[in-house]
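The structure under discussion appears below in the form of C-alpha cells.
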Amino acid sequence: MEYLIDTHVFLWSFLDTKKIKQKALEIISNEENKIYLSSISFWELAIKHQSGKLNLQGINILHLPNIAKEYDFTILTPTPYDYLTIGQIPQKENHHDPFDRMLIQQAIRNNLVLISKDEKFTQYEENGLQLLWE
C-alpha cells in the first residue's frame, strides 16, 4: 500500500520511535509499503526551526532530505493542481494550519493513507481522507 506520513511522524521515525503507534510503525517499516513524505513537511520544519520551535537534537536541518532518503521515504512534491484545488477541502473552524491542509489535499488527491496523530484530521474523513494512527 501507499502512505503519506505527517511531519511529526517523519521526525519521530528517527528521533523517537516510541511516540509512533505500533501499527503505524509496522507499516512504515514494512518494505512492501511505499511511504511518501511531502516536500511541504520540509518547508514546515524549516519555519519551525528558524523560529526556535523545533529541537532536532543536534541534527543539521540540511541533513533532513538525506535522512528521508536513508529511510526510503519518497518525496512527494505538490503539483499545481494540489495548490489550486486546496479550496475543495473545507476549512474547518478549529483547523487553519496551511501545512496540514496541503498534506490532507495531497493524501486525498493521490489516494494515500495519511499517517498522523493529529486528531483534527479526523474531521476530513468525510471529505475522502483516509487516516491511520492506531
Side-chain angles (χ1 to χ4, degrees):
M1 287 200 54
E2 297 185 324
Y3 300 86
L4 175 64
I5 56 173
D6 198 350
T7 307
H8 61 269
V9 177
F10 169 58
L11 288 175
W12 295 345
S13 70
F14 63 90
L15 290 177
D16 192 356
T17 57
K18 294 177 196 158
K19 292 184 176 182
I20 302 175
K21 292 279 189 180
Q22 186 62 35
K23 183 175 181 179
L25 193 55
E26 288 171 8
I27 288 169
I28 293 168
S29 302
N30 185 338
E31 293 180 12
E32 293 180 19
N33 295 322
K34 187 160 188 171
I35 308 299
Y36 289 95
L37 174 65
S38 177
S39 59
I40 293 294
S41 291
F42 293 117
W43 183 29
E44 179 180 12
L45 291 168
I47 290 171
K48 287 183 178 180
H49 184 260
Q50 182 182 22
S51 69
K53 295 179 182 178
L54 177 63
N55 178 1
L56 290 174
Q57 301 175 13
I59 295 173
N60 183 325
I61 193 164
L62 297 178
H63 290 200
L64 294 181
N66 293 330
I67 291 171
K69 186 176 181 178
E70 286 173 25
Y71 280 77
D72 203 26
F73 299 148
T74 300
I75 305 303
L76 181 63
T77 303
T79 68
Y81 294 104
D82 290 327
Y83 292 111
L84 295 171
T85 59
I86 194 84
Q88 292 176 351
I89 296 178
Q91 189 162 341
K92 308 294 183 172
E93 281 186 37
N94 65 342
H95 192 240
H96 303 284
D97 186 315
F99 302 112
D100 287 351
R101 289 176 47 79
M102 182 53 71
L103 293 179
I104 291 165
Q105 177 67 348
Q106 284 187 290
I108 292 171
R109 282 188 42 82
N110 293 284
N111 197 30
L112 302 172
V113 177
L114 182 58
I115 299 176
S116 177
K117 182 183 179 180
D118 195 327
E119 293 177 0
K120 292 180 182 177
F121 285 12
T122 59
Q123 60 191 325
Y124 295 96
E125 290 177 318
E126 65 186 42
N127 302 105
L129 179 64
Q130 301 170 74
L131 189 60
L132 182 134
W133 182 245
E134 302 209 51

- prompt: Is it the case that one hydrophobic cluster holds both L103 and M1, taking links as side-chain heavy atoms less than 4.5 Å apart, direct or via other members?
  reply: no
task: Report whether L131 and I89 are members of the same hydrophobic cluster (ILVMFWY, side-chain heavy atoms less than 4.5 Å apart, transitive linking).
output: yes
- prompt: Same hydrophobic cluster for I28 and L45, using side-chain heavy-atom links shorter than 4.5 Å among ILVMFWY?
  reply: yes
statement: To the nearest 0.5 Å, atom CD of Q106 lies from atom CG of L129 at 12.0 Å
- prompt: If two hydrophobic side chains count as joined below 4.5 Å and joins carry through other members, does I86 share a cluster with Y83?
  reply: yes
Heavy atoms from other residues, nucleotides or ligands near CD of Q91 exceed 12 (cutoff 6.0 Å): yes
- request: Decide whether Y36 and W133 are clustered together by the hydrophobic rule: side chain heavy atoms of Ile, Leu, Val, Met, Phe, Trp, Tyr closer than 4.5 Å, transitively.
  value: no
field: Side-chain (Q123) to main-chain (K120) donor-acceptor, under 3.5 angstrom
entry: yes
query: Any donor-acceptor pair under 3.5 Å linking the side chain of N33 with the backbone of I35?
result: no
message: Let me confirm one number: the CD1-CG distance from I40 to L76, rounded to the nearest 0.5 Å.
response: 9.5 Å
List, one per line, each side-chain donor-acceptor pair under 3.5 Å for residues 5-16, sequence neighbours excluded.
from: D6; atom 1: OD2; to: H8; atom 2: ND1; distance (Å): 3.3
from: D6; atom 1: OD2; to: S116; atom 2: OG; distance (Å): 2.7
from: T7; atom 1: OG1; to: S41; atom 2: OG; distance (Å): 2.8
from: T7; atom 1: OG1; to: E44; atom 2: OE1; distance (Å): 2.6
from: H8; atom 1: NE2; to: K117; atom 2: N; distance (Å): 3.0
from: S13; atom 1: OG; to: F10; atom 2: O; distance (Å): 2.5
from: D16; atom 1: OD1; to: K18; atom 2: N; distance (Å): 3.4

task: Apply salt bridge (charged side-chain N to carboxylate O under 4.0 Å, His left out) to K92 and list each qualifying residue two or more places apart in sequence or on a separate chain.
output: E126
- request: Assess whether side chain to side chain contact (heavy atoms under 4.5 Å, CB included) is satisfied between L4 and I115, documenting all intermediate values.
  value: CA-CA 6 Å; L4 175 64; I115 299 176; over 6 Å; no
- request: Report yes or no: does N30 contribute a side-chain atom to a donor-acceptor pair with the main-chain N or O of I27 at less than 3.5 Å?
  value: no
field: Main-chain N/O of T85 paired to Q105 side chain as donor or acceptor, under 3.5 Å
entry: yes
query: So, the side chain of R101 versus the backbone of G87: is there a donor-acceptor pair under 3.5 Å, distance only?
result: no
task: Step by step, work out the side chain to side chain contact (heavy atoms under 4.5 Å, CB included) result for D100 and F121.
output: CA-CA 8 Å; D100 287 351; F121 285 12; 3.5 Å; yes
Shortest non-hydrogen separation from I20 to A24 and the atoms involved: CG2-CB, 3.7 Å
message: For N111 and E2, which I'm curious about, is there any donor-acceptor pair between the side chains at under 3.5 Å?
response: no
What donor-acceptor contacts under 3.5 angstrom involve side-chain atoms of residues 55-69, with partners at least two apart or in another chain?
from: N55; atom 1: OD1; to: Q57; atom 2: N; distance (Å): 2.8
from: N60; atom 1: OD1; to: L62; atom 2: N; distance (Å): 2.8

- line: Smallest heavy-atom separation, L114 atom then A107 atom, equals CB-CB, 4.1 Å
- prompt: Say you draw a straight line from OH of Y3 to NZ of K34; how long is it, rounded to the nearest 0.5 Å?
  reply: 14.5 Å
query: Has the side chain of S51 got a donor or acceptor atom that lies under 3.5 Å from a matching backbone atom of K48?
result: yes
message: Can you tell me how far apart CG (D72) and OG (S29) are? Round to the nearest 0.5 Å.
response: 11.5 Å
